[in-house]
Structures are given as C-alpha cells and as structure tokens.
Amino acid sequence: MSDPRAGDREEDDRQTPPERDGTAPAGVSRRVFLKVLGAGVALGGTGACTRPPREKILPYADRPPEVTPGIPVYYATSMVLGGYATGLLVESHTGRPTKVEGNPGHPASLGAAGVYEQASPLQLYDPERGKGILYRGQPATWDSLQAALGLAPPYRTRWGGRGEGLAFLLEPTASPQLLALLARVRDRLPAARVFFHGPARDDSAPQGAVLAFGRPLHPRYDLSRAAVVVSLDADFLGGEMPYGLRYARDFAERRRIAGPDGAMNRLYVAECVPSPTGALADHRLRLRAGEVRQAASALLAALAAGGEVRVPGLAAPPEVRAWAGAAARDLALHRGAGVVIAGGRQPPEVHALAHLLNEATGNAGRTAWLTEPVLAGAGPGDPGPTELADAIRGGAVRTLVVLEGNPAYAAPADLDLARLLRRVPQTVYLGLYADETAAACEWYVPAQHYLESWDDARACDGTLSLVQPLIRPLYPDTRTPADLLAPFAGLGGSTQHDRLRDEWRTRGGGDFEGFWDGALGRGFVPGTEAPPVAAAPRWDPALLALWGRERPGIELVFPLDPSVYDGRFANLGWLQELPDPLSKLTWDNAALLSPRTARRLGVETGDVVELRLEDRSLRAPALVLPGQADDSVALNRGYGREGTESLARGVGANANLLRNAAAPCFAGGASLERVLDGKGKPVRHALAVTQAHGTQEGRPVALHATLEEYRRDPEFARRERGRALSLYRPFDYRGEQWAMSIDLSLCTGCSACVVACQAENNVPVVGKEEVRRGREMHWLRIDRYFSDDAEDPGVVMQPMLCQHCEKAPCEYVCPVNATTHSPDGLNEMTYNRCVGTRFCSNNCPYKVRRFNWFAYNAEKPETERMLMNPDVTVRARGVMEKCTYCVQRIRRHQIDEQTGRADPVAHPLQTACQQTCPTRAIVFGSLGDSASEVARMRREPRAYAALHELGTEPRTRYLAKITNPVPTSTSAPETGE
Amino acid sequence: MTAGTPRAGVLAEFGTPEEMLAALDGLRGAGFSRLDTFTPYPVEGVEERLGLRRSSIPRWAFAAGLAGAALAFLVQWWTNAVDYPINVGGRPLFSGPAWIPITFETTVLCAALATCFALGLKTRLTALWHPVFEVPGFESAQVDRFWVIVGTEDVGRRRDAAVAELRRLGARRVVAVEEEDEA
Amino acid sequence: MSEASAARALPDAAPPVLRGASDDRALTDQLLRPVFEGAPGWRVLLALSGAGVLLLLVATTYTVAVGIGAWGNNIPAAWAFGIINFVWWIGIGHAGTFISAFLLLLQQRWRASVNRVAEAMTLFAVINAGLFPLLHLGRPWFFYWLAPYPATMQVWPQFRSALPWDMVAVLTYFTVSLLFWYVGLLPDLAAARDRAPTPRKRRAYGVFALGWKGSGRDWSHYRVAYGLLAGLATPLVISVHSIVSMDFAIAQLPGWHSTIFPPYFVAGAIYSGFAMVLLLVIPLRAWFRLHDVITERHLDAMAKVLLVTGWIMLYSYVVEAFLAWYGGNAFERYTLLVGLPLGPYAVLYWAMIACNCLTPQLFWFRRMRRSIPALLLGSLLIVTGMWLERFVIIVGSLSRDFLPSSWHVYAPTWVDLSILAGTLGLFAFLFLLFIRFVPFVPVSEVKELRHELAREGSR
C-alpha cells in the first residue's frame, strides 16, 4: 500500500499506550537522585544522571571516587551553534547540570562562554520542550513513525528503493559521525536529496573565497598577532560570530595595556548597526550595510594609492576617505601585523575584497590564513532552502525529514516554506520544541538537548570536539538527528553512543579506549585543527564597487539577535530579559533608526512603524539608536515566534517575513512610515528598555581617554582615586580582602557575564511589565554610555554590580543589621534578616540593589527547580538582594583549601562573571596578596573608583577606558578624525 | 498638708468663685483648717487658701525622664557596640551621636508616663465613687457651682458653728456628708 | 504673632475670643449638646467615610497578600506613596500638639476652644501615619525586628539607622499626645457624667471620667501635670518631625542629604497641620453654630500662623536651591536646579511652589483672614501643596540620582491611590466618632476663660 497513513492510523490506535503521552518524568525529586546515585556509582563510577546511564562518561579533571552530594563535579562537553562547536565545562550537582563554563583547554573557548552557552542549561529544563512524538498533534510512538517511513518490519518498499522523493533538510554541520551517517544514507538511497538551511549566511565566506581564489576556503584569523584590525561589518567581538569567543580573547590580549607606555592594537570598524565591536572601535565608520563593499573598495584603492584615495570613480564621501585613508596607512605601516575581517552579513564580494586586502598587506599566512571548509552544507554547491522550495514545487519531494532549525519560521518569507511543507505528502520534523515547523509537518519528534545526548562536532578551527551527556534524557521519547538518520542508513537498532564510538574507532590508532577516555575527559582532541592551505589570489577589478551617488530608499538589515539568535532561544526567559548590548531593549525587537533618519521620517521611539520591502510589509515598534547608519533600519531576527512556546509567542515582530532568499541579510529599496490609528494619532508600542538615559551628564562614572591623552597625562584619573576624607578611622582589615577590578577598555558589552551571574545566583526573571516598571533583578548590569547625543557617539560599556564599599552607605541605614560587612571586606546581605524597608537601595549611589517586589521564585516548574544552584539561597518575597561577589564560590574555595581538595587548575577561585568574560575584562581576587592581578590593576594610574567623591571606598575599581585612535598630532588634516 | 480631700463633713454650695474664696477666708478666720473645694475649673487663689504645697509631680517626671534616658542610651550602646559588635558601613562601633534621638524620645516618653501615673495617684483617679457624689445637686460642681467642704475631724463638736458660719458666708445650700463604712 | 501685641496695634481689629454665652450652665449645655443629642446628617457622613475605610481595608489586604509590588515603587524609586503619605499625615498631626502645648505655654487664650479638635486631629493623623511604616515593609509581619528584644537569632536592631529612631519617635508621639488629650478631657468627661440625660450615658461617662471630682487639691496637681505635659510635648513635637526628616537627611542622596531638613520639615508640618485644623474647624463651627465660641479671632490667628509658616517654607525652598548652587556639588546642583524643577515631575514641582508659596500671601489681608471661602480654599491648596512637596522630595530625588544609567520614572498604581484615599476615609471616620461621643470643645477651659474675661471686664 503506497499511502502509509491508513496503516499508520491503525498502528497509532494499536501502539499508543497511555503512559507514552509525553508528560514530564517522575524521577527528578532530590530523593530519587540520591537513590539512583548509588546505582550510578556502581554502574560506572559516575552518578551524573538522574537515571544511571548505560554508557560510561568521564568527569573532566579526574574521576571522583564517588559523587558527594553538595560537591559539584565538572564534565567537558561541547555546544554546537551555527554548525561549530564551543568547548564547555558543565557543573553537575548530584546529577543535575546546573551551570555552564567555558573549557579552558578548548581553542574556541579558552575558558570563556557566551550568552547562548550560559543560557543553554535553562533550555534543557524548559518545561515547554517537546516531550513526546506527535502525529498530526496526536501522541504517537517511535515504532509507528518507523513503520510510516517503511523503516520497521514489515519493510514496505518506499522511494523505489533508491530514495526517490526522499529529502532531508539539515543545518550545516561539521559533525564527523553525522556526515558519515549521511554518506551511508546516500549510498543506500542514492536518489535521496539532502538540503541545508543555516541561521547565518554561511555561504558568503566560502563564495568570497571562490571569487578570490577560485575554490571555497575557510578564512581564519589570529588577532593575537594583529596590531591593526579592520572589520568590514564583522561583529567578531559580539556573540553570534563563529569563533567569536576566541577572537575576543585574542583581540583583548593585544588591547590590554599595563601602563601609559604599553602598546595597544587599533580597531577600524565599518558597520551599519551598532555592535559590541563598534563600541570598542577606535575609528568607527557608520554606513549602510550595502555601502560596506564600497568602503572596502575605497580601502583597497587607498592602499594602492599609498594612503590617499585618488582612484578615479571611487569618489567616496569625505568621512569614508578619511577612514579608509587612516586604515590603509596603518595596514601599510604594520605589514603582516594587521588583519581585515569581513562579516557574515556581507556578500561574497566583500569577503573576496577582504582576502585581497590581507594579501596586499602581507597579512596572508600570518594573521589571516585559509583552511579547507570545516562546515559541510554551507559551500557554494550545497543546495539550500531555495533549491528545496523549487523541488517541493516541482513535486519531487514526497517524504521530507527536517532535522532541527525551524525552517518554517526562519527561512526567508519569499520561499514560503511554511506553506510548501504542507504540500509534501509525508513530513517529519525533529526539533526541541513543537514550533512553527512542527505545526507544518505531519510528524513531530522531540529533539534531545545537547546536555543529554552523545555527539561529536568540529570547532571553527576544525578541532574535533565531543558532546557527552550530563544527564539521562529527561523525556524518553526524545531523539537526536542521528537517531532519525540511522534507520535510513540501515543502522536502526544502534544507539547514538555505539555509532559514535564506531565512527571514532577509525581514529586514535592502537589504544582506542585510552584515546576515547582522554578525548571524553578533555572534551576535544588536541592537534586536530584544520591545517592552513596555500591559495593564489586572483585580482578581479569587478570586485571593486563604485560609490553610488544615488541612495535608493531605506535599507533594511536583519541581524541575528544577540539574545535569542535566530529564534531558537526565544523561549528562554533569561535571554528575553537580557538587555540588548546597545539599545538595552528587552522582551522585544524593534526597528532601529538613526536619530537623523527618525527626525526625517517624524518617528519617535515607541511609534509603531510599517516596514515595506517589495510586496511584503511588517509592523514593528521603532527605536531611535545613535550610531545606526542613516537611511538604514535594522530589525533583529528571532522574534515574532508563533510556535507553542509561551514565552516566545507574540514577542516582537518576525523579521523573516521581510527577508528574501536572494538577499537574506539586508536589502535596499524599502520604505518606512508611521502607523496611525483611526483618529490620526500614531499607534504606540510599549518598549521595555532598561536604560532610559544615554549620557553621563559629565559625571565621573565611566572615565575615558585616548591613548594619546593617557600618555600625555597618565594621572588623568587622579581626582577619582585615593583615600577620601573621612571622620572615621579606617576599619582594620586583615587577611584575605576580596576586591574586583574591571578594565573598561576591554568590556564589549556582550553581556555574557549578566547571564552567567543570573545562572550562578538563581536570579529570577520578572517579565516585560516588571522590567518596564524598573524592577529587573539582574545583580550585574552593563551600563552603556554615549559620549554625547550626536548621531555617531563614542560608547563606553560599564559593568555595574555591587561595589562592596568599605564605607557602604547601604549598611548604616539598615534598621535590622540585615546588610553588614564581613571581615574579608564583603558587603553581605542577610536575606532572612531583611524586613524590606528598602532604605539601603535608596542610599546606594550605584543602585545595584534589587528587591523582591513579588514572590518571583514561587511556583517554578519542577524541571526548572533542578537548575537552581544549590549553593545559593533562593530569595523570598519582600527581601533585598544584590551581587555577593559569588560568596558561595569564595567559601567553597576556602573550605577546599582547608580540606586539601582545592584544585586551582581545574577551578581556581573566580566569580561567575569573571570566569565567563571572553575578554577577561573582569578580575577578582584578594588585596591581601599585593602580587595578585586585582591588586596590580588597582595600582595602575587609570584605576579609579566610581563616584569616588562620595567616600564609599568601593572594593570594585574600574580601569578607565583607553581608546587608540590615530594620534591627532601626526595625522594629515584630511584624515584627521 | 498631707491629708487629702475630706471624705465627710459639711458641704456648702456657692454661686461664684468669688463667694467661694470669701467663704474660705471666713472659715479659716473661724479656725477651720480641714477644708477643700469642688469647682468646674481651677480657681485662682484656692491653693493658697487651702495651704497646699506645690505638687511633687515634676520631681516624679524628672526622675523618670533621667531613668529613661539612661536606659535608652545603655540599650543602644550595649546591643550595637558590646553584645553584637559588627562592622556596619565602616562606622565606629560606638556611634554615640546616632543614639541621641532615641535617648531623647525615651526621656520624654518616660517623663510623660510618670506624670500621668503620679496625677492618677495623687488625685485618686479610677476611684469612681466619692462620698460627696451622694449629695443631691452636687452635679453642679462640674457645671457652674462652687462647693466648699469642711472635714468632719475639723468640725467635730462645732458642727452647728460651721453650718452657721457657712450660711453667714452666703452659701446657697449647706449639706452634711457622712462616710458610709462600706465605702 | 502674639495676639496681645496684635490687639494693641489695632484695638478694634481683634474680635473677642468668646462671645455671648449668658452663663456657665447655658455654655456647658451648648457645648455638651452634640454629645447627648447628636447632629443632623452625622450618620450619612459616617457611612461615606466608612466606605473609605472599606477601601483602605481592601487595598491593604491586597498589598499584604501579593506583596509590595502591588504599589508602583521600583528601583530607583524604592520609596514613594507609602513614605509620602506617612510624612504628610504625621506632619498634619503636629499642629494639634503645637496648638495645645506650645500655645498653652505661650498663654494664647484663643487656643482654648480649638485645642481639643486639634489634638484629636493629631491622634487620628498619627494613627494614619503609623500605618505606612508597617505597610511599606517588604515583610510587614517582621516589623517588630526593629525593636530591641532578645531574638533567637541574637541579632539586635541597628541604631545608626534613622528608622528605629522614627519608630520610637512616632510611638512616643502617639502615646504622649493620647495622654495629653485624655488628661485634658477629664473635667469635661466629668461634666458630661454629671449632665448626662440617661443613666446609661451617665454610667459610661462616669467610667471614662475615672471619678474626677475637681477638688482644690485635684486641680492643683492637675494644673501642674497638664503644664508639665505641655512642656514635654513641645520639644517632642519639634523632635518628632526632625527625626522624620532625618529618614532622608542621613542618606547621601542629592535632594535628601541636607542639614536644613529638620527645621524645614517642622515648619512644613505645622503649616499643613494648621491648614487641616481650619479645614476641620470651619465646617464644625457652622455645623454646630459655634460662632460664639470659635470666633473670627481664632480663624484670624490661625491664618496668621499659616502666613508665617508659609514664609518659612518659601525661605527653605530658596535656601535649599541656593546652597545647592553655592555648595558647588554637581549632583546636588543637578537634582535641585535641573532634576526637580525641569525633570519628569516638573509640573508637580511648580504646582507645589504655587500652592505653598503663593497661597499664604492671601493672608496678608485681614478680609481674607476672616473670609470663610478664602480660608477653606487656601487651606485645601496648602494641604495639597504639602503632599506634593513630599512627593517631589522623595520620588523626585530618587528617580534621578547619581548614575544616569539607573534613572527611571515612577508611576503609582490603583493600590497606591486607594490607600491614600482610604486613609482620608479613616481619618474622617475617626473624627466623626470623636465629635459624636466626646466634648470636642473643652467645656471647663472655655468656662475658665469666660470667668477670666469677665473678671478683666469688671476690673
């Protein structure tokens, strides 16, 4: 029988026992952990699962004799995003993964973790994850699915035995075992087609390589050796660029200066949407995304002309000439020690230009080199969603298996995948949530979270990385992409773990077990990064773009969201409530306009505007953001979700509805106008922005100077330091004295620390309305100050957390001794003594105290409670709370020291924010040891205390932000900034 | 004079404070000394004529105030600096100036309480009944009439003399008050 | 503003403090009539205010049930309506003690007929005020942790904070006001006892009169004690609002951190208090036809107090702004010269200036001091203005403090407004009960005053 559904239905009736209805598992209570713990230990020396795993997994540093409740164990694993792996260490408390950190050994992390990695455990415990297999919304079983696909006995002959009409849609991947599996599938079913759809525009880099070198290649950079960095719309310090954590670290090491005579790299950024990278730029060129190519051309021309843009036909505007001239001079000055990076948003031509620029400045092979592509499915030849759409229209697809990625939502609107999927007779979707794609597909299979599944992957540099489960799948019916592919490859019965080991047996030579254990323990295989390849560039004048005189309409830009990425994280409260690094917007996306454009169009922040592109239109609230390019409107992707996820549903506007496959990242020729209601009044939308006021009002809060000024007057911060006059004798502090130093020069505002703090300290999410009221609970926030209200202001990012003042204003006004000072200099908050007068918050000049206005922690879902850090009190209604310098980590460290369990290598004493910071801007330690890094930084001349004149004597000190623009004294007038 | 208001004797009603004061003078001239008055409001000159000494209530108040002050200051000092010394905002453990407000308030509180307590004691408040209340028409003492009482022990065998004297002094009404034993 | 001097200045200008009232008996009966016979429309008013009390109950119950988040407060404005209302009410309370104690020491005769009303107002205002320090706590059920009791946690209160000062001050203030009020009430309760038309009333008042008999000895103690209480209450009333002002002054927040706060707050308290007294006395006077007992003289004198205290306020505003500028502290300067007058609450700020600084200027004119509409309107504006002042000081300063990044506006919720309205209801409710069951004009004192006047007249 060719129509499987009849059979399926009876199978459903037969094979859907009531207990398989996809409800939460029972075995998550603490008692059950401990019960199964013994079993876990007996079974393989680890209890890192709610139910003991059959397979053996290994803890990171060394195998503990047993899991002691209350003492966390760390395991190495990897998180894959955009196809690339980032190595992680996961903290596990009695079998529950509670916190993610970067894996210090892993080249893509070096110990840092980003916003997405930090928030990933919350997704594991998300109560709204798909729990059971669904057939047209009705509970179904794996077997019925297999039967429907003709993969279970009795085998039906499907797809002519060769796979005609069978198609797979995957995200671009570098997972060796998945690719091997895919190869097997292709062997058995040669006619089956495989399509790829990724969140980012992964193909423009390889295609740029094709333009520049004639074949697809993968660009790599070493920023630790670059004195001059030129970014062509590349946000390599922000979250979403692959390898961003590593680039940020390398960049920071060249950025950090110990004193006025230190050396510092220089950063040129040409970008459209203000980004963390732009915030750190020494020379930021603000221009439309579509003009970056022209800027790159100007830069190339400037190089050719030795710093002056004189190539006819490249009559660029003066600010572009100035920028390009300065950059060209610097690149020429630092041959081999500069680098030009093109952003993923940009078309292949810009990448090609970047390659050529690196060649021209002798950086190729030094700071920038090429490897064979790491990612499969992102190359020029690989069929993408467009091809899939055509195939479906052509009726060539009868069975489609979609493996993650939620294409029905994320694909450009002009492909209309959501509707096309419904045309395919048989569709299967594997995803974490029953989202838009699940709704469009016949079958839905809940996916496993990476913290509960086996897998392997490659980092952006090719390093082979392992994904090992921290916990047995919370929901038995969940599957991995490989689980779904295996039956097609004839490996129906096998488990993911076996397949993985089989695939890996080919590696590691003789002692496989030793190799395997080592890889598991470390989380990756050292020395497996892709080797550089040589390639001769081809000069093609057609790459150069002449400066367009006319400016066609409004340009629309669709960045990946720094919080929810392409929408896959949209159901995570932590990320929805995480302020955007620049706009400080939460629980929304908005059409970003430059002040000038806003004035021209008569639009104000909060007005609902209608964006039109071709025949499509979309309504979104406007937000005026200095630094945004004129006549260019940015609308982040990842919002306007319509799946079953309650937090994500209906938040923001779906930018994908405006994208088209041809130009998925930005497009010109759009229009924008205010939406008026019946009475002709503008329709307004309430935005929840956490920082209403942009500038510092000239107050000594976040100090800033150029390197030139710093050298001229190293003591420029003198007024904001030193002992303030006081009536009181200084308190006599002995022994360990905790303190923190934050280097504003290195803070990109990426906000990884904010999420890390939230995860470490059980900080609740309060929701949009509460944020609008001014009740967000973040212990650590990042203040973003514009140098002025101009169109293109400088930006200073300042992480603001409890300053742990020695003369704390909050303490002496507390009537009940609920906030007092510890002998080692911590400003301590005693929750159970607090009656909630809130006088302390009123008297805190930094306003870093947070109050539990409601019982924010009441009725947490059972699963989310598993995420809570057992070392940190969950605060009750009506009490004050604030940053504690991660006192739980301090005390655990001291206990470990006394019990000799301390392991400074595996986990030195670090606060959560410090540990995750990609640029190591945050340093924590004891002043008792004058050699400590924190003490050394305090002695730097640019170290100062925020609001020093108040005499609060904060233990948290800031190092004034130093930027390194071209010294005005040496710059020619026309390139002067 | 130590004895309180006479509980029995001869009671006389006068129309105005002036008549009453005159009567007091007359009675003292006639050798009566165990006297007291009942008036709707304090009348100037009664105290001298009754030979009352200045009330001792202020002394009570002063003592209580001092005690309160000492108590308050000691409690604050002991709790914050001695029993549970803890670093609060780098402030010295002995924060004398910060303890003055409570010390002052407690002083006032104790003094006021002592004042009222003493008043109640000295005027025998909460003793709802007094023999003179039994005298018909005595209510006027709280309204517009001014009464004088001559104590029994003073009247002694000279009751008629006292009555006659009061009449002569223009009393509108003269009544005898006897103390019941059960009262 | 001693009335004697005023009288000398313009002999014809000072109307008598007491008029008519043929004899003591008539006077007594007139003043006791409301207590024994009630008043027209009393039940209606009581029902109305009762509704307010109900609203208060609902709003507070809701707050305690779900949490202080039901209010509009946020970070940075962690204090708002709760503390505003607290300061406003306790400020109003101060006029009562001021009239009854301070003016007694100054031997201002005109105080006699209004002091009981003023004292009652004090009590009820303090009751209202006392609600808020409780309600605004995150965990109200632990309020007693502010008191030094031997707790199992072995922790004590922290007496460097102004909040324990505040608690002690308010409790002391309430207790002393209550005692003072009751002591003053004794002779009148006795009078009510002896004039009571029915045995039940006689018994009731008899109990409350505590057996007062008014003997010469009693009176000699009584006068000393009463004077003593007045002497204690006078510095108390000054200290209480000084301490209330320290709830702000000890903080380092620009707009709070100011040494002129204590005198400035005390003046403001008396200012709003006298306005409230007028708002109570004028209707009362019409309601019970007390024009002979509460004469234009009283109104005139109180209007003069408003004029004086109003000028003190005006002066304080100017000095505060001047010192902010002269002191040269950038934060102070911003808050007082930009943040408040031009910030998000600029409208309220200028409304406050108008109400508190312009209104009292009316009372330069004798006609205004004696015109009922002018007095009522003026008092209303002043009471409103003083509420606005507390809003500006508290919310205005908090919403824009040191770090511009944390600036955030504040807006009240329906619960905030209900609680404010509710306390007004409770106040009216208690006051109505008071005028129904307690002689609200001091009978004995008025009779004494009449007697003195008569003596002077005859002399």
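Order of the sequence lines fixes the chain letters, A, B, ..., with proteins taken first and strands second; residue numbering starts at 1 for each chain. Any value given below was found using the heavy atoms of this structure, including those in side chains, with hydrogens, waters and symmetry copies removed. Note that the structure is predicted; figures quoted are calculated from it, not measured.
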Identify which of [options] forms the greatest number of heavy-atom pairs closer than 4.5 Å to chain C.
options: B:Asp36, B:Leu35, B:Val88; value: B:Asp36
options: B:Val148, B:Leu119, B:Val46; value: B:Leu119
options: B:Pro17, B:Ala141, B:Ala61, B:Gly65; value: B:Pro17
options: B:Arg145, B:Glu139, B:His130; value: B:Glu139
options: B:Ile86, B:Thr16, B:Leu93, B:Val132; value: B:Leu93
options: B:Pro40, B:Gly89, B:Pro42; value: B:Pro42

Flag, side chain of C:Arg160 to backbone of B:Pro92, donor-acceptor distance under 3.5 Å:
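Indeed, once roles are kept as given, a pair shorter than 3.5 Å links the two residues.
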Expected output: side-chain B:Asn80 to main-chain C:Phe159 donor-acceptor under 3.5 Å:
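Present.
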Using a cut-off of under 4.5 Å on heavy-atom pairs, state which of [options] scores highest against chain B.
options: C:Ala192, C:Gly214, C:Ala162; answer: C:Gly214
options: C:Ala191, C:Ser161, C:Pro187, C:Ser239; answer: C:Ser239
options: C:Thr28, C:Val176, C:Val224; answer: C:Val224
options: C:Glu445, C:Glu452, C:Met167, C:Arg193; answer: C:Arg193
options: C:Asp188, C:Leu228, C:Val168; answer: C:Leu228
options: C:Ile250, C:Leu236, C:Thr175; answer: C:Leu236

Per the salt bridge (charged side-chain N to carboxylate O under 4.0 Å, His left out) rule, what does the pair list look like for residues 18-30 of chain B, sequence neighbours excluded?
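The answer is B:Asp25-B:Arg49.
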Chain C contact residues among residues 99-114 of chain B, heavy-atom distance under 4.5 Å
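Under the 4.5 Å heavy-atom cut-off, B:Trp99, B:Pro101, B:Ile102, B:Phe104, B:Glu105, B:Thr106, B:Val108, B:Leu109, B:Ala111, B:Ala112, B:Leu113 qualify.
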[atom1]-[atom2] distance between [X] and [Y], expressed to the nearest 0.5 angstrom:
X: B:Gln142; Y: C:Lys213; atom1: CD; atom2: NZ; value: 10.0 Å
X: B:Phe138; Y: C:Asp194; atom1: CZ; atom2: CG; value: 8.0 Å
X: B:Ile57; Y: C:His221; atom1: CD1; atom2: NE2; value: 6.0 Å
X: C:Asp29; Y: B:Asp144; atom1: CG; atom2: CG; value: 9.0 Å
X: B:Ser140; Y: C:Asp24; atom1: OG; atom2: CG; value: 11.5 Å
X: B:Thr39; Y: C:Asp218; atom1: OG1; atom2: CG; value: 9.0 Å

Any chance [atom1] of [X] has more than 12 other-residue heavy atoms, nucleotides or ligands included, within less than 6.0 Å?
X: B:Arg124; atom1: CZ; value: no
X: B:Phe117; atom1: CZ; value: no
X: C:Arg25; atom1: CZ; value: yes
X: C:Tyr226; atom1: OH; value: yes
X: B:Phe133; atom1: CZ; value: yes
X: B:Phe62; atom1: CZ; value: no

If you take all heavy atoms of [X] and [Y], which pair is closest and at what distance?
X: C:Val183; Y: B:Cys116; result: CG2-SG, 4.1 Å
X: C:Ser220; Y: B:Ser55; result: O-CB, 4.5 Å
X: C:Gly216; Y: B:Leu52; result: O-CD1, 4.0 Å

Pull out the residues in residues 240-247 of chain C that come under 4.5 Å of chain B, heavy atom to heavy atom, sorted by number.
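If one takes a 4.5 Å heavy-atom cut-off, the residues of residues 240-247 of chain C near chain B are C:Val240, C:Ile243.
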Proximal to chain B - members of residues 149-158 of chain C, heavy-atom separation under 4.5 Å:
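Heavy-atom contacts from residues 149-158 of chain C to chain B are C:Gln154, C:Val155, C:Trp156, C:Pro157, C:Gln158.
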Using heavy-atom distances under 4.5 Å, tell me whether [X] contacts chain C through its side chain, its backbone, both, or neither.
X: B:Gln76; value: both
X: B:Leu125; value: both
X: B:Trp78; value: side chain

Select one option (side chain, backbone, both, neither) describing which atoms of C:Leu186 are under 4.5 Å from chain B's heavy atoms.
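When you check distances to chain B, only side chain atoms of C:Leu186 fall under 4.5 Å.
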Under 4.5 Å from a heavy atom of chain B, the part of C:Arg195 involved
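Contact with chain B: side chain only.
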